[in-house]
Amino acid sequence: MMERVRAVLVTADDTMLVIRRTRPGVPEYWVLPGGGVEPGDASREAALHREIHEEIAGKADIIRLLHTMESDDERQLFYLARIATWSFDDRTGPEFSAEGRGEYALEEIPLTTEGLDGVDLKPEEIAHVLRGAIRAGSLGVEGSL
């Protein structure tokens, strides 16, 4: 089974980092930073740190596992994390040089239901989970996780 890890990256300003994906023939959508767990990764968390480094040249403090989605052939683990520094210009992931992959644009959105409503975050299930957590106050948008 393929495993993927993704992060809800909360900034010091209580915004969230998302990647806007633009691909030919596909409506624009947003995803959370992350990717596949590779055989050389020591753990899922190590894979997430590697992916965050590759995709946004950032370092994050992983707080906790937020949600898991599973299908017949794939498991996606979504972590809640705090991030202090990042640089989209210094990203190193192989996907950025692959032909036909489209554009990846890093954006900060408010970590509010209105902020989520302003983007088409994929998968929809994690957008739903985030809306519920924001309404319940369990993401710590008031200042501390």
Side-chain angles (χ1 to χ4, degrees), residues 2-38 41 43-71 73-145:
M2 174 66 169
E3 283 195 329
R4 296 187 183 283
V5 289
R6 298 207 174 274
V8 176
L9 295 172
V10 181
T11 71
D13 296 328
D14 287 325
T15 61
M16 178 173 69
L17 297 181
V18 293
I19 297 175
R20 180 175 35 91
R21 295 283 287 122
T22 308
R23 296 171 37 197
V26 177
E28 188 172 71
Y29 63 97
W30 287 256
V31 295
L32 298 172
V37 176
E38 296 177 358
D41 292 324
S43 65
R44 293 170 178 148
E45 291 81 5
L48 187 58
H49 283 295
R50 177 184 49 74
E51 286 288 343
I52 290 168
H53 176 73
E54 287 176 1
E55 292 190 1
I56 62 172
K59 291 186 189 275
D61 292 321
I62 298 172
I63 307 300
R64 63 179 159 80
L65 181 64
L66 182 66
H67 186 68
T68 302
M69 287 176 44
E70 200 165 313
S71 65
D73 58 351
E74 182 178 78
R75 178 181 299 128
Q76 289 195 69
L77 298 108
F78 295 88
Y79 290 85
L80 183 63
R82 277 276 185 198
I83 190 158
T85 61
W86 60 91
S87 171
F88 205 57
D89 293 332
D90 295 327
R91 62 192 178 173
T92 60
E95 60 270 27
F96 304 117
S97 59
E99 288 291 321
R101 293 296 302 258
E103 294 181 28
Y104 293 72
L106 187 66
E107 296 182 353
E108 268 184 86
I109 64 167
L111 191 52
T112 61
T113 54
E114 294 82 11
L116 284 172
D117 290 344
V119 299
D120 184 14
L121 184 65
K122 301 291 186 188
E124 176 57 38
E125 184 174 329
I126 194 61
H128 178 74
V129 167
L130 285 172
R131 283 184 189 96
I134 289 167
R135 281 192 291 274
S138 60
L139 287 181
V141 292
E142 293 79 32
S144 66
L145 295 172

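All residue numbers in this chain count up from 1 along the given sequence.
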Charged tip of R20 within 45° of Y104 ring normal and under 6.0 Å = no

Do any N or O atoms from the side chain of R6 and from the backbone of L77 form a donor-acceptor pair under 3.5 angstrom?
-> no

How long is the span from the NE2 atom in H49 to the CG atom in D61, to the nearest 0.5 Å?
-> 7.5 Å

Contact summary for L66 and L80, nearest pair of heavy atoms = CB-N, 4.2 Å

How many angstroms lie between CZ in R135 and OG1 in T112, if you round to the nearest 0.5 Å?
-> 11.5 Å

Looking only at heavy atoms, which two atoms of R64 and S138 are closest? And how far apart?
-> NH2-O, 2.8 Å

By side chain to side chain donor-acceptor pair (under 3.5 Å) - contacts of D13 (at least two apart) = none

Hey, does L121 have a side-chain heavy atom less than 4.5 Å from the side chain of I109?
-> no

Do F78 and L65 have side-chain heavy atoms sitting under 4.5 Å apart?
-> no

For the atom pair CD (E103) and CZ (R23), what is the distance rounded to the nearest 0.5 Å?
-> 12.5 Å

Decide yes or no for L9 and L32: does some side-chain heavy atom of the first lie under 4.5 Å from some side-chain heavy atom of the second?
-> no

Rounded to the nearest 0.5 Å, what's the gap from CZ on R21 to CG on D120? Could you check?
-> 13.0 Å

Under 4.5 Å between any side-chain heavy atoms of R44 and R75, yes or no?
-> yes

Any side-chain heavy-atom pair of L106 and I19 under 4.5 Å = yes

Look at atom CD of E74 and say whether more than 12 heavy atoms of other residues, nucleotides or ligands are closer to it than 6.0 Å.
-> yes

Sequence neighbours excluded, the answer for side-chain contact (heavy atoms from CB on, under 4.5 Å) partners of E38 is D41, R50

Side chains of L116 and M16: closer than 4.5 Å at any heavy-atom pair?
-> yes

Distance, nearest 0.5 Å, that separates CD of E51 from CD1 of I56 | 11.0 Å

Once you round to the nearest 0.5 Å, how far does CG of L48 lie from NE2 of H53?
-> 13.5 Å

Would you name the heavy atoms of S87 and A57 that are closest together and state the gap between them?
-> O-CB, 3.4 Å

Evaluate the side-chain proximity of I83 to I52: yes if any heavy-atom separation is below 4.5 Å, no if none is.
-> yes

